[in-house]
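See structure below.
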Amino acid sequence: MTPARDRCHAQTRKGARCRNPAGPDGLCATHRRQFAPDPDPVPDPALDPDAAPTRDPAVASFLDWAEEALEFLGRRVLGEYEVDEFGHDPDLVEHVLAPLLRPLYRHWWRVEARGLEHVPASGPALVVGNHAGTLPFDALMVALALLDEHPAHRSLRMLAADLAFNLPVVAPLARKSGNTLACAEDATRLLEAGELVGVWPEGYKGLGKPYRERYQLQRFGRGGFVEVALRTGAPIVPVAVVGSEEIYPMLANLRRLARLLGVPYFPVTPTFPALGPLGAIPLPSKWVIEFCPPIETADLGPEAVLDPMVLFDLTDQVRDTIQQTVHRNLLTRGGAFG
């Protein structure tokens, strides 16, 4: 489903991979100019005191960013980008949406990603995680960890609830970032196409649970994600997230107001609604995201979906794996904001 795209083989000045599409020579336009032979090289001031000063690194970084931005805008204007049948726009994700989330990932929550080697470099897999934190930042951070830190830089196609596709602004961004409706049909099609699919079985029960129940996983439904894995033979990769519970500690839930607004819950946190819009700023907790060893399903065969005990056992195994990993990482993390 996600279009296969060759990315530039070069690195940025900070040592990160370049995210621009590559040309036939394996380089983007920016790095092609950078590595091209310079017919009139700039003299070294250390050897020639009268030489002109070299370009300031901050200015160079800004100019590189400006060139990359212009390339991105040029592709948008010319239509030189691809969107799949679900609306996923990888170019927009990598150049607009992911850069907006990286400061949260790297500096605000200081996310530590572990066990990335357990996520296959290619082919289908079902990533199943715990869900908490009032707003679904945990799902976004898991997706960013796979995009930025996994050796294959994989896109996570997340299954989202109906509400995400009914909200203005949020709905088109959800589609463009690779989300699709949380239903067996869409999940099956994505897995059969070799995609990495993310699912959060606790749903709103986990996302909107009170702070006093933090890090206690809620019920995993009826095991629908296990049925999808069995039908497609995709491995299940449990992922445990520690840190999301503290970003918006929910002290109370105004249920009547939530029903009036048509939302699953209306949270009261230490800062919201008391501080108004400022209460929407998440707290800077320390995060640990761990991908656990995959649970293989191919050997069981698609006919295993007819056995309720297989479904129950696999669902319970995934949930227990995540719960135990969460508890272990809570101990090693130390303070919530350390």
Side-chain angles (χ1 to χ4, degrees), residues 1-7 9 16-17 19 82 84-86 88 90 93-94 98 105 111-131 138-160 177-180 182 184-201 220 223-241 288-302 304-305 310-311 313-315 317-322 324-326 329:
M1 291 292 181
T2 300
R5 301 158 62 240
D6 290 331
R7 298 191 180 93
H9 298 164
R17 71 184 181 106
R19 299 177 179 279
E82 296 178 319
D84 71 8
E85 61 180 299
F86 291 94
H88 183 211
V93 171
E94 293 194 11
Y105 183 96
V111 178
E112 178 185 353
R114 303 173 179 172
L116 286 161
E117 68 277 6
H118 294 139
V119 180
S122 62
L126 193 64
V127 176
V128 182
N130 57 310
H131 212 20
D138 50 4
L140 298 176
M141 295 299 106
V142 168
L144 192 57
L146 291 165
L147 182 66
D148 279 3
E149 301 198 47
H150 190 277
H153 305 292
R154 299 203 65 179
S155 295
L156 182 66
R157 309 300 299 274
M158 295 180 286
L159 305 181
S177 61
N179 292 280
T180 189
E185 291 78 10
D186 283 3
T188 300
R189 288 165 60 199
L190 287 167
L191 289 171
E192 289 177 344
E195 295 282 6
L196 195 63
V197 177
V199 61
W200 323 100
F220 265 26
F225 70 92
V226 172
E227 291 187 25
V228 172
L230 289 170
R231 292 184 191 280
T232 58
I236 299 172
V237 181
V239 58
V241 180
V288 177
I289 296 176
E290 182 169 349
F291 297 89
C292 305
I295 299 170
E296 299 295 339
T297 64
D299 293 342
L300 295 173
V305 299
V310 172
L311 297 178
D313 289 343
L314 278 175
T315 302
Q317 181 182 355
V318 174
R319 186 181 181 280
D320 285 349
T321 299
I322 297 172
Q324 292 173 18
T325 307
V326 164
N329 287 341

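Every heavy atom of this structure was used, including side-chain atoms; hydrogens, water molecules and symmetry mates were not.
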Specify the closest pair of heavy atoms between Gly233 and Thr297, including all atoms of both residues, with the distance to one decimal. C-OG1, 3.3 Å

Donor-acceptor check, side chain of Arg157 to backbone of Gly178, threshold 3.5 angstrom: yes or no? yes

Starting at CG of Asp148, measure out to OH of Tyr105 and round the result to the nearest 0.5 Å. 7.0 Å

Are Asp138 and Asn130 packed together at the side-chain level, in the sense that at least one heavy-atom pair is separated by less than 4.5 angstrom? no

In Å, rounded to the nearest 0.5 Å, how long is the span from CG of Leu146 to CZ of Arg154? 8.5 Å

Nearest 0.5 Å please: distance from the CD1 atom of Ile289 over to the CG atom of Leu144. 8.5 Å

Evaluate the side-chain proximity of Leu147 to Val93: yes if any heavy-atom separation is below 4.5 Å, no if none is. yes

Write down the atom of Pro120, the atom of Val237, and the distance for their closest heavy-atom approach. CD-CG2, 4.4 Å

Kindly give the heavy-atom pair with the smallest separation between Val241 and Val326, and that separation in Å. O-CG2, 4.2 Å

Using 30° and 60° as the class limits, which term best fits the ring planes of Phe225 and Phe220: parallel, tilted or perpendicular? perpendicular

What are the two closest non-hydrogen atoms of Ala125 and Leu191, and how far apart are they? O-CD2, 3.5 Å

Check: Trp200 and Val239 side chains under 4.5 Å, non-hydrogen atoms: yes

Please report the interatomic distance CD(Glu94) to NE2(His153), rounded to the nearest 0.5 Å. 9.5 Å

Taking all non-hydrogen atoms of both residues, which atom of His131 and which atom of Ala139 are closest, and how far apart? CE1-CB, 4.4 Å

Test side-chain contact (heavy atoms from CB on, under 4.5 Å) on Leu140 and Met158 and set out the steps. CA-CA 9 Å; Leu140 298 176; Met158 295 180 286; 4.2 Å; yes

Mind checking the CD-CG spacing from Glu112 to Asn329? Nearest 0.5 Å is all I need. 8.0 Å

So, the side chain of Thr180 versus the backbone of Asp186: is there a donor-acceptor pair under 3.5 Å, distance only? no

Can you find a pair of side-chain heavy atoms, one from Val128 and one from Leu126, that are under 4.5 Å apart? yes

Should His150 and Phe291 count as side-chain neighbours, where that means a heavy-atom distance under 4.5 Å? no

Can you name the nearest heavy-atom pair linking Thr232 to Val228, along with the distance? OG1-O, 2.9 Å

Rounded distance [0.5 Å steps], CG in Leu300 versus CG in Leu314: 6.0 Å

